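A short worksheet on the structure shown next.
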Amino acid sequence: MEIPSKYDPKPVEEKIYQKWLNEKKFAARANPSKRPFCIVIPPPNVTGILHMGHALNNTIQDVLIRFRRMQGYESLWMPGTDHAGIATQNVVEKELAKERLKKEDIGREKFLERLWDWTDKHGSTIIEQLKKLGASCDWDRTRFTMDKEYSEAVKEVFIKLYEKELIYRGNYIINWCPRCETALSDEESPHKEIDGWLYYIRYPVEQGGGKIPSKFRINYIIVATTRPETMLGDTAVAINPRDTRYQYLKNAKVILPIVERELKVVEDEAVDPEFGTGVVKVTPAHDPADFQMGKKHNLEFINIMNPDSTLNQNVPEDFIGMDRFEARQAILEVLQEKKLIEKREPYRISAGHCYRCHTIIEPRVSPQWFVRMRPLAQGAIKVVEEDKVTFLPQRWKKVYLNWVHNIQDWCISRQIWWGHRLPVYYCKDCREGVEEESKKGVIVAKEKPPTCPACGSSTITQDNDVLDTWFSSWLWPFATFHWPQSEHGEEKAKADLDYFYPTNVLVTASEILFFWVARMIMAGMEFMNQIPFDKVLIHGTVRDAKGIKMSKSLGNIIDPLDIIEKFGADALRFSLMLLAASGSDVYLSDEKFLVGRNFCNKIWNATRLCLLKIKENKIKVSDLELKELEDIDKWCLQQLDETINQATKSLQDLSINDATKKAYDFFWHTFCDWYLEIIKDNFTAAKTKVLLHSLVTSMKLLHPVMPFITQEVFTLIKEHSSLKLEDSLVSASWPKPSNIAPKESEAAKLNLLVETIRQIRNIKTDLGLGAKKLHLEIKAGPKAEEFLRANATWIMRLSASQSLDIKPKLARTLYKNALWEINLGIEDIDAESFVTSLEKKISKIQTIFEKASVRLTDQRFLDNASPDTVENEKAKFEEISLQLKRLQELRKAFMDQK
RNA sequence: GGGCGGUUAGCUCAGUUGGUUAGAGCGCAUGCCUCACAUGCAUGAGGUCACAGGUUCGAAUCCUGUAUCGCCCACCA
C-alpha cells in the first residue's frame, strides 16, 4: 500500500469520527467499578456558530476528557445547547422583519412556533461543528435548556425559591434595553465609557416664604447633568446636608424649566459637594441613584418614556414621541433660547449597554421579578473560601469572591417571548384594586390552576414574562442529569446523577464567571447541597494578531472551520493547545496554525518511514516486549519515560499547554531527529520494537490533543504489523513509563557522543564544507573505541561522514573531549575560520569560567549558600575549567600543527 | 475611583519554591532535494529579562515606587 508523503486530514477525520460515533466510543455509563470523570459543556447558544473561542474552550475540555478516559476513568462529557432567549428571539424577529412583520402581528403562539421551527432547523449547527472539531461528547445525552424535562427543573427551582421567599416581585428601577424592549440583569448591562458632555443648566429659583439673606438673592441655581432630556422627569433637586452654600434653598421654590414644575429640595449624603455645582437634579424614574433618593425622600416618580425610549404623554406636548436622544437636542435648543445653559464641558460618561444589541441602557422603573441573592451567596462564598472549589489561575478566586460579597439581587424577568414562561398566575378577581407588589391573587405553580384557590374564580392568567436565560443555565450541572425527576425515583437517571455529580472541572472563559459560574455554584449549593464541580479552569480570550477581540462585526475573525478545512482539526487543536498558555489571552493569525499542520505532516512521515523500514526489512514483531536493547535504545526509552511522566503530571494539573509541548518535543526532536536516523542503519527486531513502542506511545500521549491523526497512525501500525494493539486509541490505556534506562556511565558516553556529533556539524558549517561527506578520524582509548565501533554506522550518518577510522594518532585535532579526539580527513582547511570560531567558543567559556571562579572564591557565598548549591557550583566549575583547558590546548596544538 | 494582569530575542510566548551558559516556535542568515518529511535537515546570529530603588553572598524570579498596555468592577449627577 502506498502512503502519500503529504498528510491529508480531511478524509481521515471524517472517516474516523464516523467510526467513533458508530461504535459509541464516547458513551459513558454509571459504572461503580470505575472512577467517574465528568465535564459539562458550557452549552453554546442555539444561534451559535463555531468561533475560535469555542474551538479553544472545547478543545481544552476534549483533551481533559480523552486523557481521563484513557487513564481508565468513566469519562463523561455532557453536551447540550442553550436556548439563548434574547439572542434567538432577535434572530427570528429579523427573519420576520424581512416579511415586513413584527412578532405582535402574528401573536405569541405563532411566533413561538417560528422560534421552535428555527431551533429545530438551526439549533444543532454548532453541535455538528463541534463534531468536526473532534469533540468526544456523549451525544446521546445532548440536552437543550428548553427540553420538557429541563423546563420542569426550571419551574421547580422557581417555585422552591418563591416558597422560601427568595424570589419576589417588585417595582424597581432596572436596566432596560429600549431596542430589545426588555429588562436586563446588571451583568447583562456592562458599563462602557462614551464621550459626552456635562451640561450646566440653570433652574430658576423663586423666593419662598422664608427669609433669604440678600447675598443669596439670585434667581437661579445651576445643576450639572449629562442627560438633559431626563429633566422632564425631575421631581426634586438635592444638596448635601453639610453644604453651607445652599442652605437657603430649603426655603426657596425651585422651578423646573420648560415643564414649569415646582421641585422639592432635598438633602442627601449621596450628593458630592465637590462635583459639578453641588446641586443635583433628581429624576427618580430614570436614574438608579435618583431612584434611591426618590424612595428615601418620598419623591414623585414620573416615567417620561415609552418602552422604546421615545418620550410619552408625561412630557410637554412638543416633545411627545421624540426619541430620547432627539429629545436631548430639542431640549438643549429650548434651554439655549431661554438662556438657561450656563456652559458645557466634555465628559466621559459611563453607561450600561445591552450585551445583546449594544444599545445604551435606559434605567426604567417597572414591575419585575427578582432573586434575593444574599442568602444564596453564603454557601457559594464558603466553598470557595475553603477551596472546595478552586480556580485556575488562582487569581480568579479573588475576583469571584469580590463579586459574590457585593452581590445584588438578580432581575430574572424578561419581556420577551422565547424562554421559560414564569410559572406565575394571577387571579383577576383577587388582584382587583390590589397594590402591584402584593402577593394577593398571585399563584405560583407548575401548571395553571383551573380555579383560584382563594376565591374560586376561573379568570386566571399567566404572567407574560419569561425567565432570564441564565436562570436555566445555572442549573446545568444537575438539570442535565434529569434533576429533579432523577430525585423523584427514576432509577437510571438517579444513578447517573449520583455517579457523575459533582462534576470535576468546569472549563470557561472569564467573561461568564459571574453570569454562569458563580450562579452554578449557588444553585449547586442550594438545590443539591453540594458543589457542582471542584475546579474551574479559566482560559484566555481569543484575539487577533493585533490583540483585538475577535468579533464578526469587526471582521477580524478567523473561522475555525476554515482552518479545519485547510489544515485539519488536529492542526487547529494542536496549534491552539500549544499557543494557549494557561489563562493568558491567545493572539491568533492564519499562519499560527502552520505549526499544527507541519507537526501533523511530521507525524505522518515518521510513520511512513517506520512502516517502510519494517516492510523493507521484512521484520515481523508480534509483541512490544522490550529486550536485547542497546544503550542507544535505552537512551530513547529513557527520554520517552521522562516525557510520559511530565505530560501526565501536566495534564493532571490542567497544564495542557505544557503537556503538549513535552510530547511534541520528544516526538520531533528526540524520536525523529535522533532515534529515527539512528535506526536507519541499525534495523533489528529489537529496535523495531523500540521504534514501534515509541511511536505508539507518542500517539497515545498526543491523542487527547490530536485525536484523528494519532488514531489513523495507530490503525496503520495495526494493519501493517502483527501486533495485538488495543481496539481504538479512544479507549486505549494511558502510557506508563517502561523504567528502562542506560547505566549512568553509558548515558554519559551517549550524551558525549551526541555533543560530539553536534560539534562535528558545527565545525563543518564553520569551515563552509557544505554537503561534502568527510572521513571521520577518531582517537580514543580502548573502552571508548569499542563503544564507538558499536555505534559507528549511525555516527557516520548523523555527522554526514563517509567513513570512520579509529586511529592511535591524529594528524590534527579539531575537537576534543574527555573520551576522544576528532579530526576530519580533509587536506586543506580554512585555518583562519577554524581558529576564529574556536576563539569565539573560548571567549564564551572564559566568561563563564571567570564568573564561576569569582563565586567560588567569595567566602560569603560559601558561607551562605546551601551545601548543595556550593557542590553544584564546584562541579560546574570543574567541568568548565576542563572545557576551557581543552579548547585552549586545541588551539595551541592546532597552531603548532599548521 | 477601586481591583487584577502583562511588560523576557524582530514577532508570539515558556521560565515551577531566588543558585543556568535566560529557552522554544515563527521570522532572519548560511549551507543542504542526506533513499520519511523542503509542511523538511543542519548550523548560526539575535536578549543590561520596561525603568528606578531596595532585600540578598546571589534577582528575570522577592519587596517598594514609576512608566506603559490591557481587562474587570463601581449609582461622580
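Worth knowing before you read on, the calculation uses all heavy atoms, side chains too, and leaves out hydrogens, waters and symmetry mates. In what follows, every chain begins at residue 1, and chains take the letters A, B, ... in the order their sequences are listed. Keep in mind the model is a prediction, meaning the values are calculated, not measured.
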What do the steps show when you test Y172(A) against D409(A) for side chain to side chain donor-acceptor pair (under 3.5 Å), and what is the final call?
CA-CA 11 Å; Y172(A) 290 103; D409(A) 284 357; over 6 Å; no
Indicate whether OP1 or OP2 belonging to rG44(B) is found under 4.0 Å from a side-chain N or O atom of N762(A).
yes
Expressed in whole Å, how much space separates the C1' atoms belonging to rA38(B) and rA22(B)?
32 Å
Test item: side-chain donor near acceptor, S837(A) and D766(A), under 3.5 Å:
yes
Would one find a side-chain N or O of N598(A) under 4.0 angstrom from OP1 or OP2 of rG40(B)?
yes
Think R797(A) has a side-chain N or O under 4.0 angstrom from the OP1 or OP2 of rC35(B)?
no
Taking only the side-chain nitrogens and oxygens of K876(A), find out if one of them lies under 4.0 Å from OP1 or OP2 of rU21(B).
yes
Check the side chains of K764(A) and S799(A) for a donor-acceptor pair under 3.5 angstrom, ignoring hydrogens and angles.
no
Tell which nucleotide pairs with rU43(B), taking only Watson-Crick or G-U wobble pairs whose two distances are both under 3.5 angstrom.
rA29(B)
Which part of the nucleic acid, if any, lies within contact of K6(A), taking any heavy atom under 4.0 Å across all strands shown: a base, the sugar-phosphate backbone alone, or nothing?
base
Side-chain donor/acceptor contact of K602(A) with base of rC37(B) under 3.5 Å:
yes
Please determine whether any donor N or O and acceptor N or O are separated by less than 3.5 Å between the side chain of Q408(A) and the base of rA74(B).
no
Taking only the side-chain nitrogens and oxygens of R395(A), find out if one of them lies under 4.0 Å from OP1 or OP2 of rC4(B).
no
Under 4.0 Å between a side-chain N/O of K592(A) and OP1 or OP2 of rU12(B), yes or no?
no
Which nucleotide, in any strand shown, forms a Watson-Crick or G-U wobble pair with rA14(B), with both distances under 3.5 Å?
none
Paired with rU55(B): which nucleotide, if any, by Watson-Crick or G-U wobble criteria at under 3.5 Å for both distances?
none
Which one is paired to rU48(B), where only Watson-Crick or G-U wobble pairs with both distances under 3.5 angstrom count?
none
Would you classify D673(A) as touching base, sugar-phosphate or nothing, given that sugar-phosphate means primed atoms plus P, OP1 and OP2, and contacts are heavy atoms under 4.0 Å?
sugar-phosphate
Does K844(A) have a side-chain nitrogen or oxygen under 4.0 Å from the phosphate oxygens OP1 or OP2 of rU21(B)?
no
Pair of N/O donor and acceptor under 3.5 Å linking rA14(B) base with K661(A) side chain
no
Please state whether the phosphate of rC71(B), meaning OP1 or OP2, lies under 4.0 angstrom from any side-chain nitrogen or oxygen of W396(A).
no
Under a 3.5 Å cut-off for both contacts, is rC71(B) paired Watson-Crick or G-U wobble with anything, and if yes, with which nucleotide?
rG3(B)
At under 4.0 Å, does any side-chain N or O of N605(A) touch on OP1 or OP2 of rA36(B)?
no
Do the numbers put R328(A) on top of the ring of W197(A), so that NZ or CZ is under 6.0 Å from the six-membered ring centre and no more than 45° off the axis?
no
Check this one for me: any side-chain N or O of H669(A) less than 4.0 Å away from OP1 or OP2 of rG25(B)?
yes
Does rA77(B) have OP1 or OP2 sitting under 4.0 Å from an N or O in the side chain of Y347(A)?
yes
May I ask you to say what T226(A) touches in the nucleic acid, namely base, sugar-phosphate or nothing, with a heavy-atom cut-off under 4.0 Å?
sugar-phosphate
Would you say the side-chain atoms of Y200(A) and E345(A) include a donor-acceptor pair closer than 3.5 Å?
yes
Under a 3.5 Å limit for both distances, which nucleotide forms a Watson-Crick or G-U wobble pair with rU20(B), could you say?
none
